[in-house]
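Input: a single structure, listed below in structure tokens.
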Protein chains: 2
Amino acid sequence: MVDEIVLLLPVLGRELGRPVPLELEASVKAGAPAHAFPSDAHVSPGHIQVLIALAKGPCSVGHIAHTLGVSRPAATQLVDRLSEHGMIERRHDPEDRRVVLVDYAPGMHEVARRIMGVRRTQLNAALDTLTDEEAVAFYKGLKEITAALGRVPGEEN
Amino acid sequence: MVDEIVLLLPVLGRELGRPVPLELEASVKAGAPAHAFPSDAHVSPGHIQVLIALAKGPCSVGHIAHTLGVSRPAATQLVDRLSEHGMIERRHDPEDRRVVLVDYAPGMHEVARRIMGVRRTQLNAALDTLTDEEAVAFYKGLKEITAALGRVPGEEN
DNA sequence: TCGGCTTCGTTAAGCGACTTATTTAACCGC
DNA sequence: GCGGTTAAATAAGTCGCTTAACGAAGCCGA
């Protein structure tokens with residue numbers, strides 16, 4: 001079974017990396033200001049992660065990078081794209097002006113929720129085939145494996 | 001919890017995508033002919049997947065692509081690299097000469113097992129913290145989610 | 001037996017998400 | 001003030017994947 005998992009994990013990783021199903025764009029545009037998503041908009045998993053991370057309130061670029069397990073430049077890039085599309089805004093932390101605080105742009109909270117909803121729907125469809133215990137076990141295993149392969153988001157180093 | 005999973009999955013994907021810990025190269029070289037892994041060798045998750053897929057016997061490039069969930073050119077590329085390093089060999093299927101059958105190169109079966117062992121070790125460390133039921137549930141959830149992401153829910157192109 | 005369709009693998013071109021190395025700006029202890 | 005440190009941004013490059021297009025081989029109806 002272990003081999004099966006090793007074989008399956010990268011498959012999941014690749015599926016996950018694919019641009020989120022096209023219907024998403026339409027669904028988002030429907031509820032967003034026209035300028036927010038120009039013709040070429042497409043949302044990557046990283047962008048969704050940023051939006052989820054922001055759901056708990058504004059946070060710094062560095063914190064985003066740490067949460068997502070990527071380098072700071074990568075986080076900067078994600079924030080760049082999202083802010084180009086008007087989804088989020090940067091502002092300086094008044095207490096430490098080196099820090100750039102990232103937060104939803106006004107009115108975008110709702111749109112963000114819808115974007116996250118797409119992935120959540122997919123995931124729920126899969127989780128529904130599992131019992132509650134299995135779902136919890138899956139989550140537990142996911143955390144363990146992520147930790148085993150690298151660092152876990154919440155953990156300090 | 002669903003959001004947590006959505007947040008965690010891409011992290012896992014990225015960790016998974018990182019070049020396998022460097023110790024691997026050394027460990028592999030130790031048991032492999034010198035020419036097999038020249039100075040710049042590095043093994044990606046895709047390569048490991050190919051080696052695992054071959055454990056069940058020779059198979060075609062197309063089959064590898066399907067198993068890994070990638071395009072055929074991508075599979076070709078993976079096979080290219082592995083065969084450059086002498087890990088695997090191509091030969092034509094006598095029954096259908098369009099088909100290219102891929103298999104371990106002579107004596108490489110053992111080396112392949114060692115390479116796979118690295119990932120397996122990491123994974124086992126994580127799975128050991130789970131009960132048997134949880135491990136099975138994780139595997140089940142993994143399959144379900146991979147399947148769920150594989151096709152767009154409710155949309156056929 | 002010949003054209004036309006399909007399938008397999010490869011080649012070519014390009015893209016997107018990441019990395020490291022470097023730069024700029026702001027905080028801090030002395 | 002002056003070094004040292006840290007946050008974010010910029011620059012350059014890498015890697016794994018994609019689509020498009022191609023040659024070769026099998027399949028098949030006329």
Side-chain angles (χ1 to χ4, degrees), chain A residues 9-20 22 40-50 58-85 88-102 150 156-157, chain B residues 9-22 40-50 58-84 88-102 149-150 157:
Chain A
L9 278 177
V11 176
L12 176 58
R14 276 185 285 258
E15 290 298 343
L16 216 54
R18 292 198 211 295
V20 179
L22 322 113
D40 63 343
H42 69 301
V43 180
S44 84
H47 298 142
I48 295 184
Q49 284 182 292
V50 172
C59 66
S60 69
V61 172
H63 184 258
I64 291 175
H66 185 252
T67 302
L68 270 63
V70 299
S71 64
R72 262 188 302 230
T76 295
Q77 196 175 322
L78 288 171
V79 171
D80 277 346
R81 268 258 273 291
L82 285 170
S83 90
E84 276 169 22
H85 292 337
I88 61 179
E89 279 182 357
R90 287 181 226 243
R91 76 186 142 88
H92 284 281
D93 184 340
E95 294 183 6
D96 182 346
R97 273 182 305 181
R98 290 173 305 179
V99 174
V100 170
L101 287 177
V102 182
E156 284 303 320
N157 34 351
Chain B
L9 277 177
V11 176
L12 176 58
R14 277 185 284 258
E15 291 298 342
L16 216 55
R18 292 201 208 307
V20 180
L22 321 114
D40 62 342
H42 69 302
V43 179
S44 84
H47 297 141
I48 296 184
Q49 284 182 293
V50 172
C59 66
S60 70
V61 172
H63 184 258
I64 290 175
H66 183 255
T67 302
L68 271 62
V70 299
S71 64
R72 265 187 304 233
T76 294
Q77 196 174 323
L78 288 171
V79 171
D80 277 346
R81 268 255 274 291
L82 284 170
S83 90
E84 277 169 19
I88 61 179
E89 280 182 358
R90 289 183 225 241
R91 75 186 144 89
H92 284 281
D93 184 340
E95 294 184 6
D96 183 346
R97 273 181 306 179
R98 291 172 303 176
V99 174
V100 170
L101 288 178
V102 182
L149 290 176
N157 288 359

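Computed from a predicted model, the values in this text were never measured in an experiment. All values below come from the heavy atoms of this structure, side chains included, with hydrogens, waters and symmetry mates left out. The chains referred to below are lettered A, B, ... by the order of the sequence lines, with proteins before strands, and numbering in each begins at 1.
- The separation between B/Ile88 atom CD1 and C/dG9 atom P is 13 Å, rounded to whole Å.
- Phosphate contact (OP1/OP2 of D/dC17, side-chain N/O of B/Ser71, threshold under 4.0 Å): absent.
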- Task: For the pair B/Ser83 and B/Arg90, evaluate side-chain contact (heavy atoms from CB on, under 4.5 Å) and give the outcome as yes or no after the intermediate values.
- Result: CA-CA 8 Å; B/Ser83 90; B/Arg90 289 183 225 241; 4.3 Å; yes

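- Here A/Arg97 reaches the OP1 or OP2 of C/dC27: one of its side-chain N or O atoms lies under 4.0 Å away.
- Checking C/dT11, C/dC27, C/dC18 against the side-chain heavy atoms of A/Asp96 singles out C/dC27 as nearest.
- Between A/Asp93 and the options A/Arg91, A/Arg97, A/Glu95, a side chain to side chain contact (heavy atoms under 4.5 Å, CB included) holds for only A/Glu95.
- Position along DNA chain C of the nearest nucleotide to A/His47 versus B/Leu101 favours B/Leu101 as the more 5'-ward residue.
- The CG atom of B/Leu16 sits 11 Å away from the P atom of D/dC17 (whole-angstrom rounding).
- Using a 4.0 Å cut-off, no side-chain N or O of B/Arg14 falls inside it from OP1 or OP2 of C/dA17.
- With respect to A/Arg81 and A/Glu84, no salt bridge is recorded, no charged nitrogen being found less than 4.0 Å from a carboxylate O.
- For D/dT6, neither phosphate oxygen OP1 nor OP2 lies less than 4.0 angstrom from any side-chain nitrogen or oxygen of A/Arg98.
- Rounded to whole Å, atom P of D/dG16 lies 13 Å from atom CG of B/Asp80.
- When the nucleotides D/dA9, C/dT11, D/dA7 are ranked by their closest atom to the side chain of A/Val100, D/dA9 comes out on top.
- Closest of all the heavy-atom pairs between A/Ala65 and A/Ala75 is CB-CB, 3.7 Å.
- Of the candidates C/dC18, D/dA8, D/dA11, the closest approach to any side-chain atom of A/Arg90 belongs to D/dA8.
- Rounded to whole angstrom, the span from the CD atom of B/Glu95 across to the C1' atom of D/dG26 amounts to 13 Å.
- B/Leu68 approaches B/Leu78 most closely through the heavy-atom pair CD2-CD1, 3.6 Å.
- With distances taken from any side-chain atom of A/Arg72 to the nucleotides C/dC18, D/dC17, D/dA7, the minimum falls on D/dA7.
- Rounded to whole Å, atom P of D/dA7 lies 14 Å from atom CD1 of A/Ile64.
- Side-chain atoms of A/Arg81 lie closest to C/dA17 of the nucleotides C/dG9, C/dA17, D/dA11.
- Distance from the side chain of A/Leu78 is smallest to C/dC18 among C/dA17, C/dG9, C/dC18.
- To the nearest angstrom, P of C/dT19 lies 10 Å from CD of A/Gln77.
- What separates NE2 of A/His92 from C1' of D/dA9 is a distance of 11 Å, to the nearest Å.
- For the pair B/Leu68 CG and D/dG16 P, the computed distance is 13 Å after rounding to whole Å.
- In this structure, B/Arg18 reaches the C/dT19 phosphate: one of its side-chain N or O atoms is under 4.0 Å from OP1 or OP2.
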